[in-house]
Every structure is written in C-alpha cells, then in structure tokens.
Amino acid sequence: MGFAKYARKASPLVAVVEGYSKNNFKVDVLAGLTVGVLLLPQAMAYAQLALVPPIFGLYTSVVPTILYAIFGQSHTMNLGTIALCGLLTADIIEDEIENPAEDVEGSIAIALMVAFLTGVVLFVVGVVRFGMAIQSYLSPALVSGYHTGAAFHIMMSQVKYILGVDRPVGIAGVFHLPRKLYYFAQQIPSTNGYTLMVGLSSMAIIFFFKKISSGQLAFSRRYRFGFRLFPASEASPLPIPIPAELIVVVIFEIVSSAAQLAESHGVSVIGNNEGGFIPVNNLDWSLTGPLIRNQYFEIITIAVITLSLTLSDSKTYAEETDRTISPDREITSLAIANLVSPFFGSYVAGAGISRSAIAMEVDRVSQRSTGNISGNLTQVYSIVAAIIVVCAIPVVGVISELPQAVLGAIVLMALHGMLTKQLKKCQQFWRLAKSDFIVWLVTLLVTVVVDLDWGLLVGLVVTVHTVFQRLSYSKFSVLGRVGKTTHYDYIDKGGQEYPGVKIIRLESPLFFGSKDRFYEHVCREVAADAAAKKNSVDYHTLVVDASSMNFLDVAGAHKLVTLKRFLERNYKARLLVACGNEVVNDVLDKSDIETTDVEERVLFDTVNAAVLYGADRGIFIPPTSHLRVPAMALLDRYRSLPSIQPRTHPTVRTGSIVHDVDASTAPLLGTEMKHDDTSDLVDDLVLSYGSNTAGSPSRARDDVNVRTPVVRVEESPATSVASVTNPLYSGDLRTDL
C-alpha cells in the first residue's frame with residue numbers, strides 16, 4: 001500500500017493506468033498513430049534546423065517523450081523537437097564552430113551538451129520554484145512577438161535549402177538576419193532551379209493536403225469546378241488529418257532516386273544516414289566550461305522559452321478538459337527529460353504545440369461520441385507515438401536521396417500556421433490594449449533586426465516597464481451619488497455630487513511609483529475647484545475611494561498623511577479614506593493618519609459611510625496655525641462664510657470641555673457668551689446660527705492634553721457648530737481662518 005501511494009505520487013501515469021478504460025485505449029492508439037506519423041518527417045526537418053543529422057530529431061522524439069509521459073501531468077502534451085529550440089541550438093553551434101557542415105561530430109556534441117545544461121537550468125528553476133515567476137513576466141504579447149520574430153529567423157535558415165545555394169559563413173551575432181538577407185539576395189543568380197522547384201512543389205502539396213484536412217477545401221460533383229473553398233468559420237475538419245509531410249517525403253524520395261536529382265542536377269540530399277540506435281554514451285564534458293562562459297545567456301534563453309511553451313501548452317489544454325496542472329511538477333518533468341535524454345542522442349526537447357493540437361482534436365471527436373467532458377486522451381498516446389518513431393529509426397538509413405529542400409519546405413509550412421495564429425493575436429492586442437501591441441511590436445522588431453537573445457531581453461524590459469506604467473499612471477475619477485441610494489458612480493454616468501463632499505476614486509495601488517502622481521492629481525483637482533470659487537472650495541470633505549486599491553506601501557501611506565495636512569492647512573477640508581481591504585487598512589492604521597491634532601475619524605469601510613460622516617461633521621476648522629487672531633475675528637469669519645448664511649445673530653454657548661477662560665479672552669466674546677448655569681467652569685464654545693437646539697458637539701478624546709485649542713465644526717441645514725477643546729486663552733486661540 002505504501003509503495004503504491006509513493007508510485008502514484010512519483011508518477012501520475014500510475015493513477016492513469018489504474019483507471020484505464022477501453023475508450024482511453026482507443027483514443028490513445030488513434031492519437032498516437034496520428035502524431036507518430038507526423039513526427040517522422042517533422043523531427044527530421046527540425047533536426048536539420050538544429051544543424052544535426054536528421055536521425056537525431058527522431059532520437060529527440062523518443063526518450064524525452066517517454067520520460068514526460070511517466071512524470072508529467074498533462075494528458076495532451078507531447079515532448080520532442082520544436083523549431084524555436086532547434087534554431088537557438090543552431091545559433092550556439094554557429095558561434096562555437098566556424099563551419100558546422102564540415103564538423104558534424106562537433107555540432108552533435110555541442111547540441112547534446114546544450115540540452116544537458118538546459119536541463120540543469122530547468123532543474124534549478126524547479127527547485128527554487130521560480131517557474132511561475134518567470135512565466136508571469138513573459139506576457140502573451142512578449143511571447144507572441146518573440147515567436148513571430150523567431151519565425152523570420154527560422155525562415156531565413158531554410159532559404160539556403162530552398163534556393164540550393166551555399167550557407168553563409170561567418171555571418172553570426174547581432175544584426176545577422178539583415179546581413180543574411182543581403183547575402184541571399186546576392187546569391188539569387190546562383191539559385192538551383194531544380195532545388196527551387198522541389199521546394200515549391202513540396203510546399204504546394206503540403207498546403208493542398210492541409211486545406212483538405214482543415215475542411216476548407218472539399219471535392220464534390222455538385223460544385224461547379226469539382227471543388228469548393230470554405231472560410232475557416234464554415235470548415236469541418238477531418239477527424240484524422242492527412243499526413244501531408246510524410247506523403248511529401250515518400251514522393252520526393254522516390255522521385256529523387258528515380259531521376260537522380262543529386263548526381264544529374266546538383267540537388268542537395270540528406271545523404272546516407274546511419275539507421276539504428278546509438279549506444280548510451282558519455283557527453284563531451286570538456287565543452288561544459290566554454291559553453292557556460294560563452295553561451296550562458298543563450299542557454300538560459302532556451303530554458304526560459306522551453307519552460308514558457310511547456311507551461312502554456314499544458315495549462316491551455318488542461319483548462320479545456322477541467323483538469324489541474326502543477327507548474328512545479330511540469331518543470332520537474334521537463335528538467336528530467338532534458339537531463340537524461342542527451343545520453344541517448346537527444347538535443348533540447350520542448351512542448352510540440354502542433355502535435356498536442358492534433359492529439360486534442362482526436363480527443364474532441366471522442367468527447368462528442370462518448371460524452372466524456374474530461375476527454376479520453378491520456379499520456380499513453382505519447383508512448384504510442386514514441387513506439388512509432390522507434391520502429392522507424394532502423395529503416396531511416398534507406399532515406400538517403402531525400403532532397404534537403406523537402407525538409408526545408410516542411411519547416412516553412414509549419415511556420416505558416418504559427419504565423420497566422422500570431423498575427424491574429426497581434427490584431428487582438430491592437431484592438432484591446434495598445435500597450436500590449438507596443439510590447440509585441442518592439443519585441444518583434446528587436447528580435448528580427450538585432451538578435452533572438454536581445455529580442456527576449458528587450459521585450460522583457462518593455463513588459464516590466466509597461467506594467468510599472470500601468471500601476472503608476474492609473475485612472476482617477478470623480479464620483480457622485482446615484483439618486484438617493486448608497487451607490488456611487490462616475491459623474492458622467494449618472495452620479496451627482498454630494499453637497500459639501502467631493503469623492504475621488506483611486507483605481508490603482510498606491511506605492512512609491514504612483515504616490516507622486518496621485519498627490520499631484522488631487523492637488524490639481526482641488527486647485528481647479530478653488531480657482532473656480534475665488535480661492536475657496538465649496539466642499540468641506542474630500543473622500544478618497546480606495547476600494548480598488550489592493551496594495552499600499554509606506555511611501556503611499558505617508559503621501560496620504562501629507563495630502564491630509566495639505567488639505568487642512570490650505571483649503572480647510574478634511575480627508576477621509578474609504579477602503580475595505582484589511583491589508584491596506586492595517587498599513588493606514590499604523591501610519592498615524594488618524595493621530596493628528598484633529599480628533600476625527602479618517603478610515604471607513606465604504607464610500608457611503610465616509611460621505612455621511614463628512615456631511616454630518618460639516619465645515620472643517622483646522623486645529624492650529626502660525627496666525628493668531630482675536631476670538632471675535634473667528635465669529636466674524638463665520639458670518640461671512642458663503643455656505644452658512646446666519647438667520648440670526650450668532651451666539652456663543654459654553655460646554656463641558658473648554659474648562660477655563662481668562663480675563664482677557666472673555667471681553668472679546670462680549671455679550672455673545674452665554675455661560676452654563678450648572679457649572680462655574682466654561683465647557684463648550686458653540687457658534688449657533690438660527691438654532692440653539694442642534695445638540696452638543698462630539699466630545700474630544702479624554703487623552704488629549706495639548707495646550708493648543710482644537711476646533712471642530714458640525715453643520716446641519718440650520719446650524720453650524722464649532723467646538724473648542726482644552727483651555728481657551730487669548731494667547732492660545734489660533735486658527736487658519
């Protein structure tokens with residue numbers, strides 16, 4: 001029991017086998033045969049792209065595939081050769097070897113060691129669990145732009161096979177793609193016509209069968225010309241795609257052998273292949289040091305791209321079948337495959353998206369017939385595909401007259417579907433988010449013009465910059481209450497400003513990168529309101545709606561405190577913050593935003609609570625200033641306030657908190673002071689307009705012991721009340737009014 005539990009934990013395939021059914025077997029065999037037939041020509045073509053003999057592409061389609069099927073979680077992903085990793089491997093080989101075509105053994109040794117070092121990088125990433133962080137910063141726009149740019153590099157690498165010209169020697173490093181383009185333009189007069197004809201014919205045949213497989217080309221006597229082209233939206237794909245690449249390989253192997261294209265017309269062929277399996281061999285460990293010193297960035301790039309493709313592919317199909325995928329498990333499986341498989345002749349292996357798509361299409365057909373939403377496809381199909389490749393390896397030596405242009409055509413036609421998909425994504429980026437389109441375009445241009453490594457690096461920098469810009473330059477909006485409800489919406493969407501209260505919504509985190517822009521925006525907004533009202537604002541409360549704020553750092557909290565003091569001193573307005581996020585509120589509580597001279601509440605859970613509190617408190621009187629005025633000046637200032645027109649002559653009433661008035665202050669208050677009959681001490685100072693029944697103002701906290709009087713004002717439709725706490729002396733009465 002213990003061993004079985006350990007086995008299920010170590011290998012998800014064990015649990016799959018335990019619940020294996022007849023439907024699973026049918027789908028796995030059908031999908032495995034389909035993918036295996038596709039793998040044969042595709043793997044050979046991608047090996048040519050990686051500058052290693054075609055047989056090594058088949059090796060890469062066996063051991064990594066089986067290892068991932070054992071340790072990986074995805075039911076659909078097929079690990080093996082991919083064009084992008086083959087291209088990056090070829091770039092390393094060209095940097096290390098002057099003429100890879102003449103030093104085949106050296107090219108093989110470098111390719112295998114690059115695969116092993118890539119596995120080491122992936123293993124480290126898996127151990128430190130850094131995979132999700134890497135994938136998080138590789139945005140879809142970055143990955144799409146990079147893949148599109150890499151497609152141009154792949155196409156350029158196959159031009160020499162299609163034209164039948166010599167490969168450019170000594171053209172590598174940055175800006176090598178434009179230089180290669182110039183070189184091939186010069187070589188056009190030297191094009192081998194037979195080679196070009198073979199390449200174009202191969203692409204035409206593959207295109208023809210692909211259209212039939214996708215359902216966009218159909219034949220019938222009912223059609224006027226015997227066939228009809230359907231748009232992709234109306235096409236009905238075949239349940240099993242036609243193996244177009246394999247058909248092309250067979251056709252031109254026969255044609256080349258019969259017509260002796262190599263001997264008679266100078267068409268380049270793949271030559272004699274040593275069919276069969278290579279023995280388990282030791283890697284050339286002497287290459288480890290030079291590769292780490294000279295190609296460390298390229299190896300890390302290969303690891304990152306492989307990781308990104310694998311995780312995105314496995315997650316996409318897992319979501320479609322309602323399954324869950326562990327990123328750590330996927331990274332570990334990918335690392336094991338690339339660490340072990342080089343000893344069996346495999347170069348870098350990654351997720352084959354096109355192969356997974358074919359297997360998934362076979363599974364969709366099964367879902368419609370059986371009604372199983374989760375699908376019947378399992379990892380076993382990859383093992384079936386690997387068995388197909390294993391059976392083909394011993395007879396690969398027979399394929400010796402196959403023109404290299406055919407393999408080049410297979411690679412180019414594989415790019416056709418990928419480019420179509422990426423260009424659709426480009427249109428989506430342009431339509432939905434211009435910033436994502438900029439990331440896509442910059443990554444594409446740098447990848448094409450400069451180099452693959454620089455394209456990924458610059459694209460990553462632009463992505464991070466875009467994210468930072470989005471956080472720093474978020475939208476600010478003025479809100480108003482919708483009717484008599486507790487809902488608040490944008491002013492231009494039906495919200496109405498609440499009397500005496502202004503509401504500003506902050507729609508971003510407030511941190512060191514956005515604090516200054518937030519502060520400047522609020523200050524400009526208030527200054528504009530003050531300019532329209534002759535240097536005074538018609539509201540006494542400013543509410544910041546921070547309900548959308550999910551992060552607040554120390555710098556942001558300090559900026560809120562600064563804004564609060566700025567509004568109090570310059571515009572006689574209080575600042576209230578509405579935020580229901582406990583994490584943000586905890587930071588604000590510790591920032592002393594409520595520990596000021598004004599004994600008022602600042603933090604609220606909802607906008608409505610903050611608005612009602614501000615409206616209830618009424619006009620705000622700042623606590624202190626450097627300007628000292630007589631007490632009667634305070635009364636005169638209130639008579640002139642435009643928002644409070646006194647109905648009667650103002651009076652002053654004492655309460656229980658102002659506990660002393662000296663001889664020089666009392667005459668200033670004159671006859672307008674009414675002393676409380678129940679006490680010899682002066683308690684409260686109240687400015688009452690038209691009503692003495694508004695009620696007593698809220699008392700200050702008992703722990704306030706500062707000498708400077710603290711002044712508050714409460715407003716109702718008929719009354720504004722100013723309460724003064726602490727001893728009131730002529731030398732201590734201060735105000736910003």
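Not measured: the values here are computed from a predicted model.
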Determine, step by step, whether M197 and L261 satisfy the side chain to side chain contact (heavy atoms under 4.5 Å, CB included) criterion, reporting the C-alpha distance in whole Å, the side-chain angles of both residues, the deciding distance to 0.1 Å, and the verdict.
-> CA-CA 12 Å; M197 187 180 300; L261 295 180; over 6 Å; no

Could you list the donor-acceptor pairs under 3.5 angstrom formed between side-chain atoms of residues 80-97 and any protein atom two or more places apart in sequence or on another chain?
from : atom 1 : to   : atom 2 : distance (Å)
T89  : OG1    : C85  : O      : 2.8
E94  : OE2    : R167 : NH2    : 2.9
E96  : OE2    : Q295 : NE2    : 2.9

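- Within the structure, the ring pair (Phe, Tyr, Trp, His ring centres under 6.0 Å) test picks out the following pairs touching residues 284-305 (sequence neighbours left out): F116-W285.
- With rounding to the nearest 0.5 angstrom, the CG atom of L112 is 8.0 Å from the OG1 atom of T60.
- Aromatic ring orientation, H416 versus F207: perpendicular (interplanar angle above 60°, classes split at 30° and 60°).
- No more than 12 heavy atoms of other residues, nucleotides or ligands lie within 6.0 Å of CG in D166, so this atom counts as exposed by the packing criterion.
- Within a 6.0 Å sphere centred on OH of Y194, other residues, nucleotides and ligands contribute 12 heavy atoms or fewer.
- L122 contributes atom CG, which lies 5.0 Å from atom CG of L334 (distance to the nearest 0.5 angstrom).
- Atom OG in S256 sits 10.0 Å away from atom NE2 in H265 (nearest 0.5 Å).
- Counting heavy atoms from C-beta on, the side chains of P241 and T34 come closer than 4.5 Å.
- Other residues, nucleotides and ligands place more than 12 heavy atoms under 6.0 Å from the CE atom of M418.
- To the nearest 0.5 angstrom, L339 atom CG is 10.5 Å from T332 atom OG1.
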Report the C-alpha distance between Y68 and S382 in whole Å, list the side-chain angles of each, state the deciding distance to 0.1 Å, and finish with yes or no for side chain to side chain contact (heavy atoms under 4.5 Å, CB included).
-> CA-CA 9 Å; Y68 180 82; S382 292; 5.8 Å; no

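- Between P327 and E330 the shortest side-chain heavy-atom distance does not fall below 4.5 Å.
- S333 contributes atom OG, which lies 9.0 Å from atom CG of L79 (distance to the nearest 0.5 angstrom).
- With sequence neighbours excluded, the residues forming a side-chain contact (heavy atoms from CB on, under 4.5 Å) with F184 are M156, V159, K160, V165, P168, K180, listed by chain and number.
- Atoms OG1 and CG, from T288 and L117 in turn, are 6.0 Å apart once rounded to the nearest 0.5 Å.
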Start with the C-alpha distance between E401 and Q260, add both sets of side-chain angles, then the distance that settles side chain to side chain contact (heavy atoms under 4.5 Å, CB included), and finish with yes or no.
-> CA-CA 8 Å; E401 296 297 323; Q260 295 184 345; over 6 Å; no

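- The shortest heavy-atom contact between L40 and L58 is O-CD2, 3.8 Å.
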